[in-house]
Amino acid sequence: MASNEHKGLIARCLDGKARTEDYSRGGRPENRFGLFWSLFKSKFGKLVLANLTMVLTLIPLVLVVYFRNTMVGAQGMSAIFGSGLGVGYPVVPDITGQAELLVYRIDLFFYAMMIPASAIAALGIAGGGYLIRNLIWTQGVFAMKDFLRGIKRSFWCVLEALLIFSTVLFLARLAGNYADYEITMGNQVSAFIALKVFAYLFVALIIPVCLWMISLGIGYKNGPFSLFRNAVVMAVGTFPQTILFAALATWPFFLAVFVTGFFQIIGLFLLTFFGVSYCLLVWLDYTQWGFDKFVDSDAGVAAGAVPNVAANNGTQKAIAKKKSKQEPKRVVVVHRRSKLLSRPVQPMDEAAPVYELPQVFSREDLAKLSESKANISGGAIEYEKEHRGDARYVEYNKQFDERERAFEQSGDKKKKKAAKRPKMLNQRK
């Protein structure tokens with residue numbers, strides 16, 4: 001009866017296809033691009049729903065950017081820049097550097113306001129990122145209640161990432177504005193140009209680190225220091241791929257912020273309806289590939305990655321690397337042995353009969369059923385013991401035993417050759 005219960009639209013959106021506390025992670029797809037395209041096509045409406053939910057938490061950040069641009073434009077058309085054009089305007093003989101100084105003062109306030117606005121945006125990114133991560137892990141299961149669960153589980157990690165980025169952006173913007181003022185005044189032009197370039201280059205480098213922090217915070221439990229350290233390691237270790245997929249993920253933001261006119265309107269439209277979800281889907285899909293390759297132990301061995309060795313020992317790393325290369329060969333040798341052909345299996349017609357329960361049964365009938373099952377199990381074991389020495393089973397297992405023995409001996413020879421010149425490690429000075 002419970003399986004035929006009809007749920008309403010709201011219940012289906014909130015609960016998804018399962019009412020479990022957590023969805024089990026599905027098998028890893030062979031092609032991450034195929035997974036992205038499949039989710040983007042089949043779950044587009046749900047991605048739009050998640051995007052609109054996240055946009056609500058981005059409204060304070062959007063308002064800060066809007067009022068900042070409005071203030072800069074308004075100040076550029078009034079005050080000292082219109083001197084002498086009307087009654088009441090003072091005449092300022094020299095306005096060199098005044099525009100740069102004005103922008104510096106405006107940005108000092110509005111870029112500082114981006115820091116608390118980013119804290120509010122962390123609510124939406126934590127919830128939406130957790131929801132999209134579940135889409136990637138389960139390959140399609142969607143439940144809006146995961147949005148609130150994601151805020152509970154991932155908010156502090158996402159908050160740390162956004163606070164780091166907004167603080168770095170605030171300092172870099174002030175450094176750039178101050179450099180513009182000094183360059184306009186003609187003071188040490190080359191030094192301040194270098195300061196401005198370094199500031200904005202540092203912002204460009206911190207973006208992929210913060211993106212990795214968001215992925216690590218959504219997918220794994222990390223402390224504040226380990227979260228930043230692991231994000232730096234992943235960003236540096238996969239630097240070319242990280243730059244490529246960061247650009248593929250964040251282009252709607254750059255289209256809405258750095259482009260003017262018609263294309264800026266297109267960028268704002270994309271961000272409003274599915275741009276944020278698209279960004280998280282691309283980035284989390286890519287970072288899950290990185291986690292499967294470098295973090296998850298089972299996927300790491302399958303991909304040929306060297307397992308993490310606790311001791312910082314060159315010899316142990318070499319042995320682990322050699323084992324990881326030999327493991328696929330051993331799997332081929334062992335798994336070609338059929339379990340059905342390598343040991344005797346009692347035929348069904350020779351097995352003891354199973355006691356059939358009547359339509360109305362008692363405890364005695366259940367006891368007879370258990371006894372019949374025990375007789376079947378015992379008969380199978382006895383049959384295997386009696387026929388274990390048959391020629392066909394002995395000959396079949398002998399072939400695979402020789403193959404495995406030859407494989408192990410070849411590995412021992414290599415180890416003996418490598419052990420001719422021992423190295424003294426961890427010597428004390």
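In this text, all values refer to a predicted model and were calculated from it rather than measured experimentally.
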Has [X] got a side-chain atom pairing as donor or acceptor with [Y]'s backbone, closer than 3.5 angstrom?
X	Y	value
S277	L47	yes
E182	N187	no
S377	K373	no
S226	G223	yes

Fill in the blank from the handout: Here the gap from I266 atom CD1 to L255 atom CG, rounded to the nearest 0.5 Å, amounts to 7.0 Å
Handout entry: Inter-residue atom distance T250.OG1 - I207.CD1, 0.5 Å rounding
Key =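 Here the interatomic distance stands at 7.0 Å.
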Can you find a pair of side-chain heavy atoms, one from [X] and one from [Y], that are under 4.5 Å apart?
X	Y	answer
I106	L102	yes
M71	F109	no
T238	Q241	yes
F291	Y220	yes
L135	L284	no
M213	I164	yes
Y200	R173	yes
V62	L271	no

Hey, do the aromatic rings of [X] and [Y] have their centres closer than 6.0 Å?
X	Y	value
Y111	F170	no
Y104	Y181	no
F192	Y178	yes
Y286	W289	yes

Exercise for the section: Give every residue pair that meets the side chain to side chain donor-acceptor pair (under 3.5 Å) criterion with at least one member in residues 204-213, sequence neighbours excluded. Expected result: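 Every side chain to side chain donor-acceptor pair (under 3.5 Å) pair that includes a residue of residues 204-213, provided the two are not neighbours, is W212-T242.
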Exercise for the section: Could you list all the side chain to side chain donor-acceptor pair (under 3.5 Å) pairs where at least one residue sits in residues 50-64, not counting sequence neighbours? Expected result: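 Every candidate side chain to side chain donor-acceptor pair (under 3.5 Å) pair involving residues 50-64 fails, so no pair, neighbours aside, qualifies.
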Exercise for the section: Name all residues meeting the ring pair (Phe, Tyr, Trp, His ring centres under 6.0 Å) criterion together with F269; count only those two or more places apart in sequence or in a different chain, and write none if there are none. Expected result: F273
Practice task
Check the side chains of Y130 and R149 for a donor-acceptor pair under 3.5 angstrom, ignoring hydrogens and angles.
Solution key: no
Exercise for the section: Answer with yes or no whether the side chains of W283 and Y278 bring together a donor and an acceptor at under 3.5 Å. Expected result: no
